[in-house]
Amino acid sequence: MRYIVIGAGAVGGAIGGRLHQSGRDVVLVARGAHAAALRAGGLRLTTPEGRVTLPVPVAESPEEVAPREGDVLILSVKTQDTQAALATWAEAAGDLPLFTAQNGVANEPMALRHFRRVHGVCVWLPSQFLEAGAVVAPCGPLTGILHLGRYPEGSVEGPVEGDETLRRVSEDLQDSHFGAPVVPDVMRWKYAKLLSNLGNALEALCGPVEGEARTSLFHRARDEGVAALNAAGIPFTSSEEQAAAREGRMTYHDIPGAERGSSTWQSLRRGRSVEADWLNGEVVLLGRRFGVPTPVNEALQRHATAAAHAGRPPGSLAPEELGV
Ligand SMILES: NC(=O)C1=CN([C@@H]2O[C@H](COP(=O)(O)OP(=O)(O)OC[C@H]3O[C@@H](n4cnc5c(N)ncnc54)[C@H](OP(=O)(O)O)[C@@H]3O)[C@@H](O)[C@H]2O)C=CC1
Ligand SMILES: CC(C)(CO)C(=O)C(=O)O
C-alpha cells in the first residue's frame, strides 16, 4: 500500500512523516516553496521525541506520482483548496480510495462527487506548519487520534468492520504513533469536532481563547453551533465521549522555539486564505436553513475572511471590534 498525501502541511506532513518513519511507502504532494524545501532537504519533523529529517519522496502533480492499484490517497489540504485538489487528482486516481484528513464536514460530500470510495477522518492532531519544509507535531505519546469511517455511512459495500481498506489504514496508522479507531459514524465525530473548531477564527483574530471576553464569545459561537445542529437533527458525539477517546493518550508538549496556534491562526501567520467559510460558515449555513440565529459565527466568518484578504497578521482585532 502506498500513501499519497495531498497537501503535506501540518496535518499531511505529520501523518505522512509518521507513516514514513514506520516504514510505509509514502509520497508527499506539496507545492511552491514547501515542495522545493522538501525536495532539497527532506521533511523536518519535530515531535516530543525530538527533530528528525525524513527523506520522504515528494511530488507536485499526479503525473509525477503516477497513481496505481493499491495506492491510498489522503487529502489534507484546507477545505477552501479541496475542490481544486479533487479536480486535479480524480482522473489519475481512478477508483482508488480517498481519506479526508480535514476539519469541517464539507469535504466528504465534495469528494464523493469525484471519488466512489470516500473515507472520512476526524482529525485530533494539533500540528504546525509555519516554515517551508518543517512540521511540528507536539503531542504524545500519541501524535494524534484519527477516527476513520466510510462516507456515506452505512453505504452499499457492507458493514464497516468488513472494509479491508479501512482495516489496513487503521493498522498502519496505529503502528505510526496514531490512535485510529474505525467507527460506523465518523460524521458524528466530525460534527462534534466542528463545534470545537468554531474557536479557530476567534483565536486567529483576537488571540488565545482565555479571559472573560474571548471565552464568552467562544461559548456563544459553540452554543449557536449546538442549536443549529439540533435544529437540523444532526447528531454529534458528546464532550464526554470525545474526552474518553483521548484520555491521557495525547498530551501537548511545549516544543522549544515552536509557536502555538490553531490551523486558522497559522493561515493568517503565513499570509494564506482561511477556512472560516467552512467552519463558522457551516453553522451559518445550517442556521439560515433551519431558522437559528448565528450572529457570532457570522461575525467570525466575516472578520477572519477579511483579515486574510487584507493580509493582516493573527491577533489584529480586539474582541469588542467583532461587534457582537
Ligand atoms: N493544523 C492543525 O493543527 C490541524 C488541522 N486540521 C485540519 O486539517 C486540514 C489541513 O490543515 P493544515 O494541515 O493545518 O493545513 P496546512 O495549510 O498546514 O497544509 C495544507 C497544505 O496543502 C497545500 N495545498 C493546497 N492545495 C494543494 C494542492 N492542490 N496540491 C498540493 N498542495 C496543496 C497548501 O499549500 P499552500 O501553503 O501553498 O496553501 C499547504 O501546504 C484542515 O481542514 C484543518 O482544519 C485538523 C486538525 C488539526
Ligand atoms: C483544535 C485543533 C488545534 C486541534 O487539533 C484544530 O483542529 C485546528 O487547529 O484546526
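For clarity, every value in this text was computed on a predicted model and none was experimentally measured. In each ligand, atom 1 is the first atom listed, and ligand 1 is the first ligand listed. Just so you know, residue 1 is the first one in the sequence shown, and it goes up from there.
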(message) Could you work out, for atom 17 (O) of ligand 1, the closest of Arg270, Gln266, Arg260, Arg272 by heavy-atom distance?
(response) Arg270
(message) Distance alone, cut at 3.5 Å: any donor-acceptor contact between the side chains of Ser170 and Gln174?
(response) yes
(request) Say whether Glu60 and ligand 1 are in contact under the criterion: heavy-atom distance to a ligand atom below 4.0 Å. (result) no
(message) Quiz question: by atom type and distance under 3.5 Å, do the side chains of Ser262 and Glu203 form a donor-acceptor pair?
(response) yes
(message) For residues Leu45 and Val26: do they belong to one hydrophobic cluster (side chain heavy atoms under 4.5 Å, members Ile, Leu, Val, Met, Phe, Trp, Tyr)?
(response) yes
(request) May I ask you to check whether Asp71 and Tyr3 show a side-chain donor-acceptor distance below 3.5 Å? (result) no
(message) Considering both backbone and side-chain atoms of Ser76, is one of its nitrogen or oxygen atoms within less than 3.5 Å of a nitrogen or oxygen in ligand 1?
(response) no
(message) For a quick check under 3.5 Å, do Asp175 and Ser22 share a side-chain donor-acceptor pair by atom type?
(response) no
(request) Quick one: name the residues clustered hydrophobically with Trp265, using the 4.5 Å side-chain heavy-atom rule over I, L, V, M, F, W, Y, and just say none if it's on its own. (result) Leu130
(message) What protein heavy atom lies closest to atom 43 (O) of ligand 1? Include the residue and the distance to one decimal.
(response) Glu275 OE2, 2.7 Å
(request) Taking the side chain as every heavy atom from C-beta outward, state whether Val56 and Val5 have any pair of such atoms under 4.5 Å apart. (result) no
(request) Tell me which protein heavy atom sits closest to atom 19 (O) of ligand 1, plus the residue, atom name and distance to 0.1 Å. (result) Gly9 CA, 3.2 Å
(message) If hydrophobic clusters are built from ILVMFWY residues whose side chains come within less than 4.5 Å, do Leu285 and Val292 share one?
(response) no
(message) For ligand 1, which is the ligand I care about here, please tell me if Gly12 has any N or O atom under 3.5 Å from one of the ligand's N or O atoms.
(response) no
(request) Could you list which atoms of ligand 1 come closer than 4.0 Å to a heavy atom of Ala101? (result) 8 (O), 9 (C)
(message) Which of the numbered atoms in ligand 1 are under 4.0 angstrom from any heavy atom belonging to Ser263?
(response) 1 (N), 2 (C), 5 (C), 14 (O), 44 (C), 45 (O)
(request) Just need the protein heavy atom nearest to atom 15 (O) of ligand 1, so name the residue and atom and give the distance. (result) Lys78 NZ, 3.2 Å
(request) Flag Asn103 as yes when one of its N or O atoms lies below 3.5 Å from any N or O atom of ligand 1, and as no otherwise. (result) yes
(request) Decide whether Glu275 and Ser267 meet the rule of one side-chain donor and one side-chain acceptor closer than 3.5 Å. (result) no
(message) Under 4.0 Å, counting heavy atoms only: does Leu125 come that close to any atom of ligand 1?
(response) yes
(request) Can you pull out the closest protein heavy atom to atom 13 (O) of ligand 1? Residue, atom name and distance to 0.1 Å, please. (result) Val11 N, 2.8 Å
(request) Evaluate side-chain contact (heavy atoms from CB on, under 4.5 Å) for Thr79 paired with Asn103, printing each intermediate quantity in order. (result) CA-CA 8 Å; Thr79 310; Asn103 279 330; 5.9 Å; no
(message) If we only consider heavy atoms of Ser127, is any one of them less than 4.0 Å away from an atom in ligand 1?
(response) yes
(message) Tell me the contacting part of Ala10 for ligand 1: side chain, backbone, both, or neither, using a 4.0 Å heavy-atom threshold, strictly below.
(response) both
(request) Would you mind finding which of Gln80, Gln102, Arg31 brings a heavy atom closest to atom 9 (C) of ligand 1? (result) Gln102
(message) Looking at ligand 1, is there an atom of it that comes within less than 4.0 Å of some heavy atom belonging to Pro126?
(response) yes
(request) Nearest 0.5 Å please: distance from the CE atom of Met250 over to the CG atom of Leu125. (result) 6.5 Å
(request) May I ask you to say whether Glu171 pairs ionically with Arg167, meaning some side-chain N is under 4.0 Å from a carboxylate O? (result) yes
(message) One pair to check against salt bridge (charged side-chain N to carboxylate O under 4.0 Å, His left out): Asp81 and Arg31. What are the steps and the verdict?
(response) CA-CA 12 Å; Asp81 292 325; Arg31 64 184 182 186; 3.7 Å; yes
(message) I'd like to know if Gln128 contacts ligand 1, where contact means a heavy-atom distance under 4.0 Å to any ligand atom.
(response) no
(request) Examine Leu229 and Val284 and state if one hydrophobic cluster contains both, with Ile, Leu, Val, Met, Phe, Trp and Tyr joined whenever side-chain heavy atoms are less than 4.5 Å apart. (result) no
(message) Do Gln21 and Arg18 pair up side chain to side chain, a donor and an acceptor below 3.5 Å, judged on atom types alone?
(response) yes
(request) Say whether, by atom type as modelled, one donor and one acceptor occur between the side chain of Thr294 and the main chain of Asn297 under 3.5 angstrom. (result) no
(message) Please list the nearest protein heavy atom to atom 23 (C) of ligand 1 with its residue and the distance rounded to 0.1 Å.
(response) Gly7 CA, 4.0 Å
(request) Could you find the nearest protein heavy atom to atom 41 (O) of ligand 1 and give me its residue, atom name and distance? (result) Phe129 CE2, 3.5 Å
(message) Can you work out which protein residues put a heavy atom within less than 4.0 Å of ligand 2?
(response) Asn103, Leu125, Pro126, Lys193, Asn197, Asn200, Ser262, Ser263
(request) Name the closest protein heavy atom to atom 29 (N) of ligand 1, giving the residue it belongs to and the distance to 0.1 Å. (result) Ala85 CB, 3.9 Å
(request) Kindly confirm or rule out an N or O of Lys193 lying under 3.5 angstrom from an N or O of ligand 1. (result) no
